[in-house]
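Remarks on the structure that follows.
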There are 2 protein chains.
Amino acid sequence: MEHRIDQIKKQLHAHSYKLTPQREATVRVLLEREADHLSAEDIYLLVKEKAPEIGLATVYRTLELLSELKIIDKINFGDGVSRYDLRKEGAEHFHHHLVCIECGSVEEIMDDLLGEVEKVVESEWGFQVQDHRLTFHGLCKACQKAAVETTS
Amino acid sequence: MEHRIDQIKKQLHAHSYKLTPQREATVRVLLEREADHLSAEDIYLLVKEKAPEIGLATVYRTLELLSELKIIDKINFGDGVSRYDLRKEGAEHFHHHLVCIECGSVEEIMDDLLGEVEKVVESEWGFQVQDHRLTFHGLCKACQKAAVETTS
DNA sequence: TTTTTTGCAAAACGTTTGCAGCCCT
DNA sequence: AGGGCTGCAAACGTTTTGCAAAAAA
């Protein structure tokens, strides 16, 4: 944890930004809730517990800054809110998501499933891939089970 | 064109909705600009040329309706607007996109590149895939060329 | 001092909703 | 009459912006 904070601090400094207390509190929330997909409002409320004087605008500005530096990714699952997802250390590409259309749960897939597909896109379409977004919509394990039980 | 309108009319009737003049005008814009990725506002302005009395709310309601019936797909490329994309006739899955980070152009890929990947997701993660969203971000052919020319 | 960052409030933006009126049988 | 559908305006929730104060360099 402290290691990642340090690393992010360096990334900020490299672009002549500072790791202010507000920014650090925001990053800490992101690290603590790494598995979640929090909205700006969610993050704001959690950061407030650590730094009650913080304003929502500062959270937005911090998130924008972290996005620019590719420390986090901004995602949109189709409800009206942007969500923010920490990149894994040294991850070159954004990871994938499984969104359950029944219960709304979001699972992450860290494996890069698109190596082959990207090669095809580059060779067949001449498009130089830099990043990707891949989300599957369907039924998670639990909801498949629930569906079967209801039917039988 | 008329064929697709008829087809959509039938789909609406099957769910006891009507193809009103406003809805038809909206669908026609969508068909005429099939290759584009128009926002609700874009669509509204284009529909206004055919049916000047239409209101923006009606366009939104029509788009929502067409989304429900899976005639169109709502997509989000990360700028703050929803965009709408007509499904190809009989397409089971949503098609993929190549978004150029330089010029903003959006290219469509109709081929289903994810057959294998979906099998992996189903077997390895036990997730029952119903649909997907796949977007690649990178440089389109033209912008790669421009980049090389600037460098040399 | 000069620049960066902050908190607050207001504004802006895309989208949705309430409602009265309209168009159909 | 009754239902669905429409246009308008107002409301809504999220995100951005202006600004003056505070912090850092």
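All chains are named by letter (A, B, ...) in the order of the sequence lines, taking the proteins before the strands, and each is independently numbered beginning at 1.
- Under a 4.0 Å N-O distance rule, the pair B:Lys119/B:Glu122 does not qualify as a salt bridge.
- Atom CD in B:Glu64 sits about 13 Å away from atom P in D:dT6, given to the nearest Å.
- Protein atom CG of B:Leu19 is 13 Å distant from nucleotide atom P of C:dC24, rounded to whole Å.
- A salt bridge links B:Lys88 to B:Glu108: at least one charged side-chain nitrogen sits closer than 4.0 Å to a carboxylate oxygen.
- Between B:Glu24 atom CD and D:dC5 atom C1' the separation is 15 Å, expressed in whole Å.
- Residue B:Ser82 is in sugar-phosphate contact alone, with no base atom involved, counting any heavy-atom pair closer than 4.0 Å across all strands shown.
- The base of C:dG7 is paired with the side chain of A:Arg61 by a donor and an acceptor separated by under 3.5 Å.
- What separates OH of A:Tyr17 from C1' of D:dA23 is a distance of 18 Å, to the nearest Å.
- We find that OH of B:Tyr44 is positioned 13 Å from C1' of D:dT6, with the value rounded to whole Å.
- Between A:Thr20 and C:dT6 there is a side-chain polar atom (N or O) within less than 4.0 angstrom of OP1 or OP2.
- A straight line from CG of A:Leu56 to C1' of D:dT14 spans 9 Å, rounded to a whole angstrom.
- Nucleic acid contact for B:Glu53: sugar-phosphate only, since backbone atoms but no base atoms lie under 4.0 Å from a heavy atom of the residue.
- Distance NZ (A:Lys18) to P (C:dT4): 8 Å, rounded to an integer number of Å.
- Remark: C1' of C:dT15 and CD1 of B:Ile43 are 14 Å apart, rounded to the nearest angstrom.
- Each of A:Arg83 and B:Thr58 was assigned the nucleotide of DNA chain D with the nearest heavy atom; the assignment lying further toward the 5' end belongs to B:Thr58.
- A salt bridge links B:Glu2 to B:Arg28: at least one charged side-chain nitrogen sits closer than 4.0 Å to a carboxylate oxygen.
- When all heavy atoms of A:Lys74 and A:Ser82 are compared, the closest pair comes out as CE-OG, 3.4 Å.
- Using a 4.0 Å heavy-atom criterion, one finds that A:Gln22 contacts the sugar-phosphate atoms exclusively.
- For the pair A:Arg23 and C:dT6, the criterion of a side-chain N or O lying under 4.0 Å from OP1 or OP2 is met.
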message = Could you walk me through whether B:Glu53 and B:Lys48 satisfy the side chain to side chain contact (heavy atoms under 4.5 Å, CB included) test, starting with their C-alpha distance in whole Å, then the side-chain angles of each, then the deciding distance to 0.1 Å, before giving a yes or no?
response = CA-CA 7 Å; B:Glu53 66 309 331; B:Lys48 262 203 147 174; over 6 Å; no
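- Within the structure, every side-chain polar atom (N or O) of B:Tyr60 is placed at least 4.0 Å from both OP1 and OP2 of C:dT16.
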